[in-house]
Amino acid sequence: MDILEVKKLWSDVKSELRETIPAHAFYSWVDALEPAGYDDNTFSLLTVHMMAPQIVRHSYYSQMSSAFEKILGKKVDFSIDYDAALAEKYKKEKKKESSRPKSLNKDSEEDSKTMDNLAQMQSFSNLNLKYKFENFVVGENNRFAHAVAFAVAQNPAKKYNPLFIYGASGLGKTHLMQAIGHYIIFNKPKLKVKYIKTEEYVNELIKNLQYGGERNARMEKFRQKYRNIDVLLIDDIQFLESKTYTMEEIFHTFDSLYNNNKQIVITSDRLPKDIPTLPDRLRTRFEMGIIVDITPPDFETRVAILKNLAEVRCMDAPFDALEYIANNYVNNVRELEGAFNKVSAYADIEKTPLTLELARRVLNCEASKKELTIEMVANAVSEYYGVTVSDFLSSSRNQKVSGARHIAVYLARELTGKSFENIAEFFKKKHPTMLYSYEKIKDDIKVNKDIERAVNDITNSLRS
Ligand code: ADP
Ligand code: MG
């Protein structure tokens, strides 16, 4: 088959997969797969990540199979092979891309993606339909956040303003925030609700600024769009870029809404004081209302979340199977859901009941995935760089030690789900020092191939 046709097919399959594979896995493993051919009922793909063939096959086989089946109209096999030459090319391109301004990577279609209000979002996007209070499971980890969010939904701009929700990735921040939106649309349809992802807001703003002649008119329109609403939901504010104009704009939007008694809800993966690019006058505003956190769910809550999922899908799932899944996915609800989805997909495909044995068999590779501790991460990094963990804990400023220490801190934060406080405690350092290391490596990865490779190698060794 013509490679252009193959590419087109793969692009359609990918759109399917974007809906069914958890975002983190999709962007890590699936997005960069390159179609190579479609012959003999087998779709061939190449990858630039050594681990991808194994991970995609083991974890997302059924999603891949169904996506191919849906697009190609029949069951087909697929193969994924690692391609070293492609890996080189990919790394070069990635480097080029990261040095290009972000706004140029987005096209005008992005605009239409930021929906005008949640009512539209409700009808247009399946993904968000499920983010309601009704299917948000309340546990000790989110009880307070949930109570405050519900109070805000019942009395927008009357009680807690702004509401700032923070917590690690995959713990339900977006879900809770959108639940507020759905509730208000349903119960107070006159109120105008708007949900925005910070990154999209920033991109849209930058694009407007880049237009020549009509710039003022455009900016005025942009401003009105965000100020002429009753409830503004801003997701993942940690992505706010430190560009002065962006800060200025969001600052004025905030004040305009706040002074007109409109509700503002913000989410972030950390506290306002831990977002290094956030200027003080914005930080104080974010801290003006109420700040609530969501932590990883305890065992009981994880089981309850799984039970809820089983119920929603009308599946019989015995307690021991749910217990097994809950025991193996502790830090991230998105991954917990992913594991359940995989087991239930197998049950569907094989037309067998969902049992403990099935869960064990299906999740085998993931279940052996150990939960990583800060110590394990520190050990792996020290081995990689030929230094010792006690070097990390010392105050040594030796270049080799401090370079490796930055990476250990970065990976500890990325891989363990522990807070900066916990990490600071382990490394016997101050909290801001840990933040500095984290942000440094996060930036360095984008421009320094060696650091990128080291981070990937260590991550793979820890996860294998
Ligand atoms: P975050 O925004 O914190 O990264 P999300 O809100 O996207 O996390 O949640 C990740 C997934 O986990 C979503 O599918 C969400 O519905 C689910 N989820 C998280 N917390 C809960 C909960 N308490 N009850 C039910 N589902 C939850
Ligand atoms: Mg989110």
Side-chain angles (χ1 to χ4, degrees), residues 1-116 120-121 123-130 197 199-200 203-204 207 334 338 341-342 345-346 348-349:
M1 188 185 265
D2 186 316
I3 190 70
L4 283 177
E5 275 173 65
V6 176
K7 277 186 191 261
K8 166 79 180 79
L9 284 174
W10 171 241
S11 139
D12 292 345
V13 173
K14 236 166 57 167
S15 305
E16 278 297 311
L17 293 169
R18 202 171 283 126
E19 306 291 318
T20 53
I21 291 185
H24 69 97
F26 178 84
Y27 288 110
S28 309
W29 310 114
V30 178
D31 199 22
L33 291 175
E34 225 12 83
Y38 175 38
D39 291 304
D40 297 326
N41 222 27
T42 301
F43 207 100
S44 319
L45 295 158
L46 297 175
T47 177
V48 296
H49 300 293
M50 231 181 273
M51 308 281 292
Q54 195 194 353
I55 290 177
V56 176
R57 283 219 155 253
H58 276 278
S59 306
Y60 304 110
Y61 189 88
S62 54
Q63 287 96 323
M64 293 279 287
S65 295
S66 350
F68 276 120
E69 190 173 354
K70 185 158 176 198
I71 300 301
L72 300 171
K74 58 176 177 173
K75 276 196 182 343
V76 299
D77 283 330
F78 64 88
S79 65
I80 303 175
D81 296 307
Y82 174 67
D83 184 323
L86 191 67
E88 263 314 298
K89 184 172 155 236
Y90 173 75
K91 279 205 174 137
K92 269 191 208 136
E93 273 181 12
K94 219 168 137 199
K95 211 170 153 189
K96 249 195 275 167
E97 220 175 79
S98 64
S99 59
R100 209 181 294 156
K102 259 196 181 151
S103 55
L104 296 180
N105 293 337
K106 301 252 169 184
D107 53 28
S108 59
E109 276 170 31
E110 269 317 295
D111 258 2
S112 61
K113 271 196 199 157
T114 310
M115 299 285 187
D116 268 356
Q120 264 176 297
M121 217 162 87
S123 53
F124 284 121
S125 165
N126 282 334
L127 193 88
N128 296 310
L129 262 179
K130 62 174 236 179
K197 290 192 167 93
E199 264 187 313
E200 285 173 6
N203 285 335
E204 195 187 337
K207 213 163 53 189
R334 195 175 289 126
N341 289 345
K342 192 177 166 203
Y346 267 78
D348 272 347
I349 290 163

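All heavy atoms count here, side chains included; hydrogens, waters and symmetry mates do not. One is the number of the first residue; the rest follow in order along the sequence.
- With a 4.5 Å cut-off on side-chain heavy atoms, Tyr60 and Asn341 do not count as touching.
- We find the CD1-CG distance between Ile71 and Leu9 to be 8.0 Å, quoted to the nearest 0.5 Å.
- Using a 4.5 Å cut-off on side-chain heavy atoms (C-beta onward), Met64 and Leu45 make contact.
- Remark: Lys197 NZ to Glu204 CD distance equals 13.5 Å, nearest 0.5 Å.
- Ser62 approaches Ser66 most closely through the heavy-atom pair O-OG, 2.5 Å.
- By the ring-ring contact (aromatic ring centres under 6.0 Å, His included) test, Tyr38 pairs with Phe43, sequence neighbours left out.
- Each of Leu17, Thr47, Leu46, Val13 was scored for a side chain to side chain contact (heavy atoms under 4.5 Å, CB included) with Leu33, with one residue passing: Thr47.
- The side-chain heavy atoms of Trp10 and Glu34, taken from C-beta on, include no pair separated by under 4.5 Å.
- Of all heavy-atom pairs spanning Asp31 and Lys14, the tightest one is O-NZ, 2.9 Å.
- The CD atom of Gln63 sits 8.0 Å away from the NZ atom of Lys342 when rounded to the nearest 0.5 Å.
- Using a distance-only test at 3.5 Å, with no hydrogens or angles considered, no donor-acceptor pair links the side chain of Lys7 to the main chain of Pro35.
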